[in-house]
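What follows is one structure encoded as structure tokens, with my remarks underneath.
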Amino acid sequence: MKSPPKHKLWLEGLQYAFSKDKNLFTQTFIIIALLIILEIYLENWELIKQTILFGSLVIILELINTTIELICDFIHPEWNIQIKRIKDIGSSIVAIAILTTLTITAIDIWLLVRG
């Protein structure tokens, strides 16, 4: 049996993640909106590139967290304190990435506006 082309596999994975993980969709929308605002109003390409980099990192970490949660649910579908801790740590990783991205972007915008 021939396996499907690689591009179909990663597109299916991305489509599934977006359909099952509303946080991923929301974060992606916020990042895109932020990029549009930065591009239109600030016209600072370095800041836009930085936002793309950090935004991509957040999305990548959210995809990894979703994968961890799916594996946990597959291995142990019932509620379990250890599984809860694993999922909480995964969520913490994403939260730290989001806070870091927002902090760095806010500092850069403040410095840019301040002159």
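Keep in mind the model is a prediction, meaning the values are calculated, not measured.
If you take CD1 on I83 and CG on D73, they are separated by 8.0 Å, rounding to the nearest 0.5 Å. Rounding to the nearest 0.5 Å gives a distance of 3.5 Å between CZ of F54 and CD1 of I104. Atoms CG and CD1, from L14 and I59 in turn, are 8.5 Å apart once rounded to the nearest 0.5 Å. Residue K20 holds its NZ atom at 10.5 Å from CD of Q15, rounded to the nearest 0.5 Å. We find the OG-NZ distance between S92 and K87 to be 14.0 Å, quoted to the nearest 0.5 Å.
No side-chain heavy atom of T66 sits under 4.5 Å from any side-chain heavy atom of Y16. Considering only heavy atoms from C-beta on, T28 comes within 4.5 Å of F18 through its side chain. Taking 4.5 Å as the limit, some side-chain heavy atom of Q27 sits within range of a side-chain heavy atom of V94. Taking 4.5 Å as the limit, every side-chain heavy atom of L53 sits out of range of all side-chain heavy atoms of L57. Put simply, the side chain of I109 reaches to within 4.5 Å of the side chain of L47, judged on heavy atoms.
Linking Ile, Leu, Val, Met, Phe, Trp and Tyr whenever their side-chain heavy atoms come within less than 4.5 Å puts I98 and I89 in one cluster. Under the 4.5 Å side-chain contact rule for hydrophobic residues, I75 and I64 do not share a cluster. A single hydrophobic cluster is seen to contain both I60 and I68, as judged by linkage of ILVMFWY side chains at heavy-atom distances under 4.5 Å, directly or through other members.
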Run the side-chain contact (heavy atoms from CB on, under 4.5 Å) check on L34 and T51 step by step: do they pass? CA-CA 8 Å; L34 181 59; T51 304; 3.8 Å; yes
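Under the 3.5 Å distance criterion, the side-chain polar atoms of T105 are left unmatched by any main-chain donor or acceptor of L102.
Other members of the cluster containing L9 do not exist, because no ILVMFWY side chain is joined to it at under 4.5 Å.
Crowding of W79 atom CH2: a count of heavy atoms from other residues, nucleotides or ligands under 6.0 Å exceeding 12.
For R114, there are no side-chain hydrogen bond (donor to acceptor under 3.5 Å, both in side chains) partners two or more places apart in sequence or in a different chain. Applying the side-chain hydrogen bond (donor to acceptor under 3.5 Å, both in side chains) rule to E46 yields the partners K49; only residues at least two apart in sequence or on another chain are considered.
Shortest non-hydrogen contact noted between L61 and A97 is CD1-CB, 3.5 Å. For I86 against C72, the heavy-atom pair with the smallest separation is CG2-SG, 3.5 Å. For the pair Q82 and N80, the tightest heavy-atom approach, listed with the atom from each and the gap, is N-OD1, 2.7 Å. Looking at every heavy atom in both residues, A17 comes nearest to L63 through CB-CD2, 3.4 Å.
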